[in-house]
Structures are given as structure tokens and as C-alpha cells.
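What follows is a set of notes on a single structure, which appears directly below.
Every chain is numbered from 1 and lettered A, B, ... according to where its sequence line falls, protein lines coming before strand lines. Note that the structure is a prediction, hence the values are computed from the model and not measured.
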Number of protein chains: 2
Amino acid sequence: MRNNKYYTIYLEWAEKIKSGEIKPGEILPSENDLTKTYKTSRETIRKALNLLAQNGFIQKVKGKGSIVLDVQKMSLPFSGLVSFKEVSEHSGMKTKTTVHEFALMKPNEFIKQQLQASPKDEVWKIVRSRNINGEEIILDKDYLLRKHVPFLSKEICEGSIYEYLEKKLKLNISFAKKEIIVEKVTDEDRKYLELDRFDHIVVVKNHVYLDDAALFQYTESRHRLDKFRFVDFARRGL
Amino acid sequence: MRNNKYYTIYLEWAEKIKSGEIKPGEILPSENDLTKTYKTSRETIRKALNLLAQNGFIQKVKGKGSIVLDVQKMSLPFSGLVSFKEVSEHSGMKTKTTVHEFALMKPNEFIKQQLQASPKDEVWKIVRSRNINGEEIILDKDYLLRKHVPFLSKEICEGSIYEYLEKKLKLNISFAKKEIIVEKVTDEDRKYLELDRFDHIVVVKNHVYLDDAALFQYTESRHRLDKFRFVDFARRGL
DNA sequence: AAGTGGTCTAGACCACAAC
DNA sequence: TTGTGGTCTAGACCACTTT
């Protein structure tokens, strides 16, 4: 994956904590011990431990050591930036994706605004619904700038767009600005989802950026109220 | 505040970006330049820049430099761990807090579970509603372990509990596990909030931890659907 | 070729917790 | 007093972008 020393060490201990080999409340070996076992410098060990702390695996306490946190009940999957496919694979639910719209279009005013596109930019529009355990629950509306994604197909959209972008196109998705609000249900929502008598829907709006800070995708993920869940680990201040 | 060199540098550039003195798309001085202007080592500069990157102020690109991101439209306030008071002060809205319940109690089963409390722990229970621009919109239910908060008063709860905990009690709130879901409206919600004909409500559940990794507070923040908004900046992978 | 950020090293001194 | 994590330094080499 990466040939960073500190990242390998991070993965190794993240795995030990996730698997339960090390239990919440226990203390990791000290930084000095770790420099010896890994034959590396202390700053490198500290980079690995800081990653663990940032991601909610440990809490570092001055004078004491690195305390393992309870990461089990976090059900991390929905946190941060993850694609539907990654989530569903981890959670072991039966899922199915249906593509309802797939087109290359000129951006309308709304999309031009969201993607900061120029009038001559072309945009892929994809509308998909997600079936989880037999119910149509999520409606995903994706808009991608053709500038960054020259080719796309309906078949790719039935799988994971992200996998295609990262593995085939070697695009590096780097960060996203996310907004969660609740909106009134639209006709489109009712058309593709099983909404019963719900008249509101949770909308997750995402602006996604590449590693050169270029905005390349705008996504609206529309979730039925009763099935929506978002979990997050947040450190205060810095 | 802190006498870290890297944190001071971070604050300085965060301010320059927030104020618009440096505009989105511009490039920061190189790390080598910054070591000279601050007469410090490169690793220290890098700590400051990494903080800026983590918090969505810049994007670092190898071979190019640190690109300033558009932080304006993020309306950061609701991101991560922030108290109601901090949010309302930044946004300049007229807000008012009403304390409906204030008591020291033995934890029931639910609270015992949420706070991982022993039967002999005592718990502060506070129920407050938040009035924003003349409407009762948010219902906050707080449970704090007396173990960590020996004294509390109704007056303190009318202001900011967090300010009291951090400034007076010198508690260091360090991180939180947050969960956002939608629930059916309860009688209690209707009693204290102006819910019109909404029959669902957005619930933000928070488990809050001190810097020694001790869980000390469980909070449910219940928001009227139409007024709820959550924004987040998320980096992919590490 | 020159400049940029990314990784890594081997030391140093400090504040804090435990013994 | 000893061990812990937190900060800081001055150097090194690398991969990448720009000129």
C-alpha cells in the first residue's frame, strides 16, 4: 500500500486494537520501547501513535502512556469519507444498486454553482438507488466533472464509482466538505424510494476534492429518516 | 493560551485565512521560507502546516506548496465538538436557554449503560431548551458524572456548562463519540419545543471524554428537523 | 537544475505521573 | 528518582513539480 515506516506501524496497531488483541483500557508499550522493537527513531513512532490518536484508537496521556480506547461500539463505517460500497461490504448487509439516470450533460445553474464549473464544462449525472435488505432506502445523486473523469459507463455506476476512480483512473480523492440537513421529500424521492408516509428525508451533501485541491464531484445522498445513521469521532480544539 | 511555537504559528495563519487576508487558491510561503521568518526548525513549521491541513485551511501538494482552501462557505461552527454557546456567539443569533430540569440522581439502567457508571455513582441530570430567534428549537438532555463534577447549579446551566467545566473546574474535555439519528417525537419534545406538526426529530447523541480517557458526560441534543444542520470537513484515509 | 513537500534520524530539554 | 509523552532542533535523503 504505502512504504512509509510510520504508516505500517500504524496499521499494525490499529489492527491489534480492532481485532481485540489489545483491549480497551490497556496501555501500549512506551514510545521508547517501540523505537527499540521497530529499530526506528522516536519521531517516527510518534507519527504512528498520533495517527492512532486522531482516528480514535488511543488516548495519549502525558506521564502515563497511550491508553487503548473502545473502538468496537463506534461502528466506524459511517464515519468520515466512505463510499456506499465500502460501508455495505464491512457491515455484511445484502445490498443492491439500481442506476436510474446516467447522462453527460451541460450543467444547469445549480450544478454550475456547486461544482464551480464554467459554462463549457461537461458533467456526468448519475442517479442511483440503494436497496438494503430488500428495501429501497437511499437515493444517490452524483455529479462529476468530465474534465477529471473522461469516461464513465452505466456498468461502472452499478458497482463502485470510487473504486473505478481510484484504481483505474488513479485519481486521488483527498478530502470532502460534508453537510447534513433534513429536507421535504420530493417527487423524485417518492419515485425511487419506499418512503411510506415519511414526508421528510435526510440529505447528506458532499463536495469532494482531489489531492491537488480541485473540486471534482458534488453528491447528494438522500436517506430515509428511519434508516439514517451517522457516527463520528471528534477531537476538541486541534 | 499555549506556549507552543507550532500552535502559535498555526493560529496566526488560520487567522490570516479566515479573515481573507490570504485568499483561496493562493500559495503559502514554502516551508523553508517559514523556517527563516520564524527562526525555527522545519519540523516545527510542518506541525503548524499539518494542523492547518487537518482543519481544512490548506491542502499540501508535493512539489508545489500549500494551497489555501475556501474556508468561508464551510460555516465551520457546527463542525466537530462545539458547545451551543460557542456556536450561537459566533453566528450572532439571538438565543436564550431555559432550564426545565436540574437534579442530582441515581442513574437508571439507560444512563448506567451510557455512562458506564457503577450503581453508587451519582449523576447530574439537566434538561434545557434553546430558543433561537424567538423559537424553541433544541432540547438538550445532559447527564454528567458527579465523580468528575462535584458541584453544579441551575445558574451555571443557564449559561455555558462547558465554560464552567473548563475554566473553573479545569477539566480538559478531549474527545467525543458522536452519533446522529432521527427519532419519533416524544411527549417531552412536544412539551418543551415548538414542533408544529413535525413528528420526527434529529437526535445528536454525544459521549464526551476527558483527557485521561475517562467518560464523564452523555448528552442528547434534539433538534427540530427544519432547523438542523451539521457540517464537517473530512480527510480520506489517514 | 532548482525548489517543493514527505520521510526519517539522533539527539536534547521539558512537564507530568508514578514509585 | 525514574519513566512517560510533548516540544524542538539541525541535519539528511527522497519523490515530485516547475523552470
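- Listed for the A/Q59 side chain is a donor-acceptor partner under 3.5 Å among the backbone atoms of B/D211.
- Rounded to an integer number of Å, the gap from CG of A/L34 to C1' of D/dG3 is 14 Å.
- Rounded to whole Å, atom C1' of D/dA10 lies 14 Å from atom CD1 of B/I45.
- The phosphate of C/dG5 has neither OP1 nor OP2 within less than 4.0 Å of any side-chain N or O from B/K64.
- Closest approach to the A/K60 side chain among D/dG6, C/dG5, D/dC8 is made by D/dG6 (side chain taken as heavy atoms from C-beta onward).
- A salt bridge does not link B/R146 to B/D121: none of the charged side-chain nitrogens sits closer than 4.0 Å to a carboxylate oxygen.
- Under 4.0 angstrom from either OP1 or OP2 of C/dT9 there lies at least one side-chain N or O belonging to A/T44.
- Between A/S30 and the phosphate of D/dT4, there is a side-chain N or O to OP1/OP2 separation shorter than 4.0 Å.
- Rounded to whole angstrom, the span from the CD atom of A/E31 across to the C1' atom of C/dC16 amounts to 14 Å.
- Each of A/K62 and B/V61 was matched to the nucleotide of DNA chain C holding its nearest heavy atom; the match closer to the 5' end belongs to B/V61.
- Per the geometry, CD belonging to A/E43 stands 19 Å off P belonging to D/dC13, to the nearest Å.
- The aromatic rings of B/Y218 and B/F110 sit perpendicular, their planes meeting at an angle over 60°, well past the 30° parallel limit.
- Atom pair B/Q59:CD and C/dT4:P shows a separation of 18 Å (rounding to whole Å applied).
- The side chain of A/T40 contributes no N or O atom lying less than 4.0 Å from OP1 or OP2 of C/dC8.
- Distances shown here put every side-chain N or O of B/Y6 at or beyond 4.0 Å from the OP1 or OP2 atom of D/dC8.
- With rounding to whole Å, B/R46 atom CZ is found 16 Å from D/dT7 atom P.
- One can place CD1 of A/I58 at 15 Å from P of D/dT4, the figure rounded to the nearest angstrom.
- Both A/K39 and B/D33 sit near DNA chain C, but only B/D33 has its closest nucleotide nearer the 5' end.
- Atom-to-atom, NZ of B/K5 to C1' of D/dG6 comes out at 14 Å; the value is rounded to the nearest Å.
- Closest to the side chain of B/R42, from the set D/dG5, C/dC8, C/dG6, is C/dG6.
- A salt bridge links A/E31 with A/R42: at least one charged nitrogen is closer than 4.0 Å to a carboxylate oxygen.
- Ranking D/dC8, C/dC8, D/dT7 by closeness to the A/K47 side chain, first place goes to C/dC8.
- A salt bridge does not link A/K23 with A/E26: every distance from a Lys NZ or Arg NE/NH1/NH2 to an Asp or Glu carboxylate oxygen is 4.0 Å or more.
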